[in-house]
Amino acid sequence: MERLLYSNRTIGEEVRDAERVLSFSSASARLDAELLMAQALGGTRTDVIVRLNDACPAEAQHRFKEMIRRRGAGEPFAYIVGEREFWGLAFEVSPAVLVPRPESELLIEVALERCAALSSPRIVDLGTGSGCLVVALLSELSKRAGVVPRAVAVDISAEALSVAERNAERHGVHRYVTFVQSDWFGQSEAFEPPYDLVLANPPYVDPQEKVPVELSYEPRGALFAPEGGLREVRRICSQAAAMVAPGGTLLCEVGAGKRAALAAAPDWLDSQWQISLLGDDSAADRFTLLQVVFPPR
């Protein structure tokens, strides 16, 4: 049996020191420290809590200090541990994809409502990234009796598509989805419209906007867009109008601070479309989901 080498410090001492380091860069310093120690030990957060007085294995101590260095520099927690939970599912993430955000779960809630009466919903996920949206949605739809969904997951990044494919395999929905490398609907021969539902998570951050240091680690092309952050949203709305079935729906994330611009009815939001702005309608405007229901053509 391999003999473990131990440091002269306890797990609790390492965690407390890490908490102090992370308090300058993280609002959840203690939680981050405990979870990273769990990764270093190859266990769970509960294991860490019950072993605080145990000596810390030297190899785990080395791994832990390196992870704390990265987290202290602002690197997203999810990139350090290689995964993030979304909709109760664990998703692989890497610097090739955005880290899934909890607020994006609103898309799944609304999408499930829009698909409620469909036995074979046809779905497109634009800018799939990690695949969290399409995989979570397919996971739910495939549980419904008699429902056989079909989806196309689209990303311009081949590396991102590889991550999304692995997540689809991981959660048992790979047979329902096809992966396509395309700039939105640009690879036209890869699509077979009409679709009942289009999900989109485009770049929507204004390049002039000041952002947290964590975002500097995420793929810039998936974050920032000109025209106040709305150029890609505009392109998607324009292209989706010809791809969505009558009565079908586009659900597009537009992030923070865009509600007023969208409420002003820009000329690229056709007056015949049924437009809804969902999410945070307070003055803070932290998150908006644009819902477009297309009328019969």
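In the hydrophobic clustering of this structure, L133 groups with L138; members are Ile, Leu, Val, Met, Phe, Trp, Tyr whose side-chain heavy atoms approach within less than 4.5 Å, directly or through other members.
You'll find the ring centres of F185 and F191 inside the 6.0 Å limit.
No donor-acceptor pair closer than 3.5 Å links the side chain of D196 to the backbone N or O of G248. The backbone N or O of V213 lies less than 3.5 Å from a partner atom in the side chain of S216, making a donor-acceptor pair. The backbone N or O of L223 lies less than 3.5 Å from no partner atom in the side chain of E218, so there is not a single donor-acceptor pair.
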Next item on the list: Decide yes or no on side-chain hydrogen bond (donor to acceptor under 3.5 Å, both in side chains) for Q61 and E59, but give the supporting numbers first.
Entry: CA-CA 5 Å; Q61 182 189 46; E59 187 175 341; over 6 Å; no

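Partner of V198 under the side chain to side chain contact (heavy atoms under 4.5 Å, CB included) criterion, chosen from V292, T249, V244: V244.
By the 30° and 60° cut-offs, the orientation of the rings of F179 relative to H174 is tilted.
Under the side chain to side chain donor-acceptor pair (under 3.5 Å) criterion, D280 pairs with S282, R286, sequence neighbours left out. The side chain to side chain donor-acceptor pair (under 3.5 Å) check on E66 picks up R69, with sequence neighbours excluded.
One finds no salt bridge joining R101 and E214 here, because no Lys/Arg side-chain nitrogen approaches an Asp/Glu carboxylate oxygen to under 4.0 Å. Salt bridge annotation for R166-E169: absent, with no cationic side-chain nitrogen under 4.0 angstrom from a carboxylate oxygen. Using a 4.0 Å cut-off between a side-chain N of Lys or Arg and a carboxylate O of Asp or Glu, K65 and E14 qualify as a salt bridge.
Applying the ring-ring contact (aromatic ring centres under 6.0 Å, His included) rule to pairs touching residues 265-292 yields W273-F294, sequence neighbours excluded.
For the pair N201/L126, no side-chain contact is recorded, criterion being any heavy-atom separation below 4.5 Å from C-beta on. With contacts defined as side-chain heavy-atom distances shorter than 4.5 Å, the pair Q181/I156 does not qualify. Q291 places a side-chain heavy atom less than 4.5 Å from the side chain of L251.
In this structure, E192 places its CD atom where only 12 or fewer heavy-atom neighbours from other residues, nucleotides or ligands lie under 6.0 Å away. Around CD of E159, the count of heavy atoms belonging to other residues, nucleotides or ligands within 6.0 Å does not exceed 12. No more than 12 heavy atoms of other residues, nucleotides or ligands shown are found within 6.0 angstrom of CD on Q272.
Donor-acceptor pairing under 3.5 Å is recorded for the side chains of E253 and Y204. Using modelled atom types, one finds a donor on one side chain and an acceptor on the other under 3.5 Å when comparing D32 with S26.
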